[in-house]
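A short worksheet on the structure shown next.
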Amino acid sequence: MGIYEFKKEDVFRFAQQIGMKTSQKGSELIFDRCPYCRPEKDRHTFSINLTNGMFECKRAKCGAK
C-alpha cells in the first residue's frame, strides 16, 4: 500500500460523511462544531487547512491537532 497523498477534496468528503456544516475562509475549511468534542455552545473553533491537511480545535478542553 502506498503513502497517502493529501487532497483537499478529502476534507470536503469527510465533512459530508459526518454531516457537519462548514464554511470556507481562504485556505481553511471551518467546521460548525469540532468532530472530536462536539461542543454545544462553542461554534466554529475547528478548522482544517485545505493546503496541507493540518487541523486544530481551538477549544482548550479539546485541543485536537
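We number each residue from 1, following the sequence as shown. The shown structure was predicted, so the numbers you read here are calculated from the model rather than taken from an experiment.
Smallest separation of non-hydrogen atoms from G53 and I48: O-CG2, 3.9 Å. Minimum heavy-atom separation, L50 to K8: O-CB, 3.4 Å.
Of the inter-residue distances, the one linking I30 atom CD1 with R43 atom CZ reads 14.5 Å to the nearest 0.5 angstrom. One distance of note links CG of D32 with CZ of F46; it measures 12.5 Å at 0.5 Å rounding. Annotation: the span from F55 atom CZ to L29 atom CG amounts to 13.5 Å, rounded to 0.5 Å. A distance of 13.0 Å separates NE2 in H44 from SG in C34, rounded to the nearest 0.5 Å.
Under the side-chain contact (heavy atoms from CB on, under 4.5 Å) criterion, M54 pairs with N52, not counting sequence neighbours. The side chain to side chain donor-acceptor pair (under 3.5 Å) check on R38 picks up nothing, with sequence neighbours excluded.
Side-chain contact between V11 and F6 is present, with heavy atoms from C-beta onward closer than 4.5 Å. By the 4.5 Å heavy-atom criterion applied to side chains, F14 and T22 are not counted as neighbours. Residues R33 and E40 have side chains in contact (heavy-atom distance under 4.5 Å, counting atoms from C-beta outward).
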*Apply side chain to side chain contact (heavy atoms under 4.5 Å, CB included) to F31 and T45, showing your working.*
CA-CA 7 Å; F31 285 61; T45 60; over 6 Å; no
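Remark: side-chain polar atoms of Q24 are paired, donor with acceptor, to backbone N or O of G26 under 3.5 angstrom.
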Using a 3.5 Å cut-off and no angle test, enumerate the donor-acceptor pairs between side-chain atoms of residues 56-65 and protein atoms at least two apart in sequence or in another chain.
from	atom 1	to	atom 2	distance (Å)
R59	NE	D42	OD2	2.7

